[in-house]
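Take a look at the structure set out below.
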Amino acid sequence: MKKLSVLFLILTVSAFNAQVISGTIISKNENQPVPYVKIGVEKETNGTISDGKGNFAIDFTGLNPQQKVKIEVPGYELYEEAIQDFKKHDQQKVFLNEKTKTIKEIAIKPKKLVDKNWGVTTKSKSVLYFVNPAGDKARFLGETALEFNTKKRSKIKNINLNIARYISTEPVLMRYSIYSEKDGYPDKNILNEEITVELTEDMIKDGTYRLDVNDYNIWVKGKFFVGIQFLKAFNGSIKISAALFKTGFIREFYGDWKKMSIAAPAINIDVKVDKSGKDIQDAGVYADDDISQSWITDNSKNIEEANQSIYGKNDSAGKYLKLKDTDLYYEVYGEGKPLVLLHGNSGSIKDFYKQIPVLSKQYKVIAVDTRGQGRSKDTSKKDFTYKLFADDVKALADNLKLDKINIVGWSDGGNTGLEFALKYPDRLNKLITIGANAFPEGVEDKLIERFTNQMKQLNDIAAKETLGERRLLKIMLTEPNISKNDLNKIKSPVLVIAGDRDVIKTDHTEFISQQIPNAEKKIYNDTTHMVPYEKPDQLNADILSFLEKNK
């Protein structure tokens, strides 16, 4: 009998300490379930989302009973209650009160409204924001947002989301939110009603899902944020395009919003701008707190043009070279002495879309997709190195029976070119580097910090899915490791090019050019790391002039 009493006591204590509370979210006015409601705790990253019938179960284990449970739904009053009081609703209904709607009629003459598109328009397939329910439930249920800033009152017509990959056996449930701004972060949801979508693959046209919100009558002015959140687990994954060097925002449930300083999701909006309205000060169409960094620029137009070009997908010019662990893709244009083009990290042949047509008039241009990038496949699991990339270039030269080659390398391609010059000096004629570095410390500290943060984010996602991205980040964080003595050994003529606003530190570019015996240096004015995009004519002329010199 005593043993049974002890057992009863244990069970009683266990039940008393049980922290999983369940119930149903109900609209008080309509007495109907409210589906897919976010239920969480203020300033905490854990929580849950009710199902399609409003049912939920939430675990409060380890939380202070005085902390506030928070339920925020457009069209309803904010629900807040201490955990200790919220527990009383266990197995019961939780009622939300509808807001009193006061809609003001806005009458504006159509002739004073101007169509604009703001935001991130890239359709990149290399810089991505992952949505992976199986790999990371916490991040999957998180929310991401992009900041905007408009001087004039504007009406949002469409919210566009660029999706690089959609894999799902069922519709994907997602919610849109529009937030006001406070202290540089999203604050209150300004919508009067829910905007929830069941996304299917056929709704994505040309890599974009366009949501028509014209009927929601959303008017904005000043700073605001457009947010997206996925509400229900699905069998598959989604990859949203993202813009490098832009700032996005992310949070988990009702935790604090945090900046994603490495990249911003490709959210852009179509708006009608009221040109007759008064301006507010210090506003712009897209806000980025890091815009003060001189090496940040918007090259979305160039990226889009590169994507639309034939380069990198020209079957008549392209071939594969089978090597160990990789099928190396390359394209050949023109006749003459061989000139190998090597793109930057996460890039591809198409990045030279403004160089290939010009250079191929005088040279046999061999544009290469570095292994694991572009169309080049890589089946290995080992780390990437610039020496390995240099070996691939040498193997390609051997296959094409080229005794000596010229190399133009942009960013990582320039690093590969330096390694090639050191490892295969007899096979190199001339080298042109664009924004190359000899060691990681030559890159701006802020950018290295961004890469480090993104590596942490990728490490938190399923390792198998992010192997390629992690390898490409790691090589920039740990390589190259070319010493002063190594640079002194390079005998081939080298043209060292960089922008005056490059992510490569100015003194580092100077260091490289000084240490290579036969080096020349050119710094382009008012130019970032994206030299081939921003100064194509000057770059093409300098490449041709350098190659022709002292033949």
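No experiment lies behind these values; they were computed from the predicted model shown.
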- request: Please step through salt bridge (Lys or Arg N to Asp or Glu O under 4.0 Å) for the pair Arg175 and Glu143, ending with a clear verdict.
  value: CA-CA 9 Å; Arg175 173 176 293 148; Glu143 184 175 11; over 6 Å; no
- prompt: Could you walk me through whether Ile475 and Asp383 pass the side chain to side chain contact (heavy atoms under 4.5 Å, CB included) check?
  reply: CA-CA 8 Å; Ile475 193 174; Asp383 289 342; over 6 Å; no
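- The backbone N or O of Val120 sits less than 3.5 Å from a side-chain atom of Asn268, completing a donor-acceptor pair.
- Under a 3.5 Å cut-off, the side chain of Trp410 and the backbone N or O of His529 do form a donor-acceptor pair.
- Using modelled atom types, one finds a donor on one side chain and an acceptor on the other under 3.5 Å when comparing Glu534 with Thr528.
- For Glu510, the salt bridge (charged side-chain N to carboxylate O under 4.0 Å, His left out) partners at least two apart in sequence or on another chain are Lys521.
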Please evaluate residues Tyr36 and Phe56 with respect to the criterion ring-ring contact (aromatic ring centres under 6.0 Å, His included), reporting the C-alpha separation (whole Å), side-chain torsions for both, the decisive distance (0.1 Å), and the verdict.
CA-CA 9 Å; Tyr36 307 116; Phe56 72 91; over 10 Å; no
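- Enclosure of atom NZ in Lys28 is not indicated, since only 12 or fewer non-hydrogen atoms of other residues, nucleotides or ligands lie within 6.0 angstrom.
- Applying the ring-ring contact (aromatic ring centres under 6.0 Å, His included) test to Phe224 and every residue at least two apart in sequence or in another chain returns Phe148.
- Not a single ring-ring contact (aromatic ring centres under 6.0 Å, His included) links Tyr386 to another residue, sequence neighbours left out.
- Note on ring orientation: taking the six-membered ring where Trp is involved, the planes of Tyr179 and Trp257 are perpendicular (angle over 60°, cut-offs 30° and 60°).
- The local environment of CD in Gln92 is crowded, with over 12 non-hydrogen atoms from other residues, nucleotides or ligands closer than 6.0 Å.
- Shown here for Gly248 and Pro265, the closest heavy-atom pair between the two residues is CA-CD, 4.1 Å.
- Residues Thr200 and Asp202 have side chains that bring a donor and an acceptor to within less than 3.5 angstrom of each other.
- Lys93 and Thr24 form no side-chain donor-acceptor contact under 3.5 Å, judged by distance and modelled atom types alone.
- When side chains are defined from C-beta on, Ile25 does not count as touching Phe95, because their heavy atoms never get closer than 4.5 Å.
- Judged purely by atom type and a 3.5 angstrom limit, Asp500 has no side-chain atom pairing as donor or acceptor with the backbone of Ile523.
- Between the side chains of Asp351 and His343, no donor-acceptor pair of N or O atoms lies under 3.5 Å.
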Criterion side chain to side chain contact (heavy atoms under 4.5 Å, CB included) on Val197 and Met203, from CA distance to verdict | CA-CA 11 Å; Val197 173; Met203 296 163 67; 3.9 Å; yes
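- Put simply, the side chain of Glu181 gets close to the backbone of Gly184: a donor and an acceptor are under 3.5 Å apart.
- Leu161 has its side chain within reach of Met174: a pair of non-hydrogen atoms, C-beta onward, lies under 4.5 Å apart.
- Below 30°, between 30° and 60°, or above 60°: for Phe249 and Tyr185 the angle between ring planes is above 60°, a perpendicular geometry.
- Paired with Asp270 under the rule salt bridge (charged side-chain N to carboxylate O under 4.0 Å, His left out), one option of Arg210, Lys157, Lys116 passes, and it is Arg210.
- Residues Ser411 and Gly344 share a closest heavy-atom pair of CB-CA, 4.0 Å.
- In summary, the side chains of Asp59 and Asn46 do not present any donor paired with an acceptor at a separation below 3.5 Å, with no hydrogens or angles considered.
- Looking only at side-chain heavy atoms (C-beta outward), Phe234 and Leu173 stay at 4.5 Å or farther from each other.
- Using a 3.5 Å distance cut-off with no hydrogens or angles, the side chains of Glu81 and His89 do pair a donor with an acceptor.
- Annotation: side chain of Lys123 is in contact with side chain of Asp206 (closest heavy-atom distance under 4.5 Å).
- Side-chain contact between Ile49 and Gln229: present, with at least one pair of heavy atoms (C-beta onward) separated by less than 4.5 Å.
- When the salt bridge (charged side-chain N to carboxylate O under 4.0 Å, His left out) test is applied to Lys505, the partners found at least two apart in sequence or on another chain are Asp445.
- One side chain, Gln91 or Ser22, offers a donor N or O that lies under 3.5 Å from an acceptor on the other.
- Side chain to side chain, Asn160 and Thr208 fail the donor-acceptor criterion of an N or O pair below 3.5 Å.
- Atom CD of Glu170 is surrounded by more than 12 heavy atoms from other residues, nucleotides or ligands within 6.0 Å.
- In terms of modelled atom types and a separation under 3.5 Å, the side chain of His508 and the main chain of Asn437 share no donor-acceptor contact.
- With rounding to the nearest 0.5 Å, the separation of CG in Asn158 from CG in Asp212 is 5.0 Å.
- Taking the side chain as every heavy atom from C-beta outward, Val114 and Val271 never approach each other to under 4.5 Å.
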*Please assess Lys152 against Asp274 for the test salt bridge (Lys or Arg N to Asp or Glu O under 4.0 Å), listing each intermediate value before the final yes or no.*
CA-CA 6 Å; Lys152 294 181 179 293; Asp274 177 11; over 6 Å; no
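- Ile159 places a side-chain heavy atom less than 4.5 Å from the side chain of Val226.
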Check the pair Tyr216, Leu191 against side chain to side chain contact (heavy atoms under 4.5 Å, CB included), reporting the backbone distance first and the verdict last. CA-CA 8 Å; Tyr216 286 89; Leu191 293 177; 5.6 Å; no
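- Between the side chains of Gln308 and Lys350, not a single donor N or O lies within less than 3.5 Å of an accepting N or O.
- In terms of heavy-atom proximity, Ser50 sits nearest to Pro35 at OG-C, 3.6 Å.
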Using distance only, find each side-chain donor-acceptor pair of residues 66-73 under 3.5 Å and give its atom names and separation, not counting sequence neighbours.
unit_1	atom_1	unit_2	atom_2	d
Gln66	NE2	Gln84	OE1	3.2
Gln67	OE1	Asn64	N	2.9
Gln67	NE2	Glu44	OE2	2.9

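- Taking the side chain as every heavy atom from C-beta outward, Thr506 and Asp502 never approach each other to under 4.5 Å.
- Asn189 and Ser177 form a side-chain donor-acceptor contact under 3.5 Å, judged by distance and modelled atom types alone.
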Practice problem: May I have the step-by-step check of salt bridge (Lys or Arg N to Asp or Glu O under 4.0 Å) for Asp256 and Arg251, ending in yes or no? | Solution: CA-CA 6 Å; Asp256 291 333; Arg251 72 167 173 176; over 6 Å; no
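- Of the possible polar contacts, none joining the Tyr76 side chain to the Glu193 backbone as a donor-acceptor pair under 3.5 Å is found.
- Closest approach of Ile26 and Val34 over heavy atoms only: C-CG2, 3.9 Å.
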* Evaluate side chain to side chain contact (heavy atoms under 4.5 Å, CB included) for Phe225 paired with Ser180, printing each intermediate quantity in order. => CA-CA 6 Å; Phe225 296 80; Ser180 60; over 6 Å; no
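- Lys354 is linked by a salt bridge (charged side-chain N to carboxylate O under 4.0 Å, His left out) to nothing, counting only residues two or more places apart in sequence or in another chain.
- For the atom pair CE (Met476) and CZ (Phe384), the distance works out to 12.0 Å, reported to the nearest 0.5 Å.
- Between the side chains of Arg501 and Thr527, not a single donor N or O lies within less than 3.5 Å of an accepting N or O.
- A distance of 8.5 Å separates CG in Leu199 from OG in Ser168, rounded to the nearest 0.5 Å.
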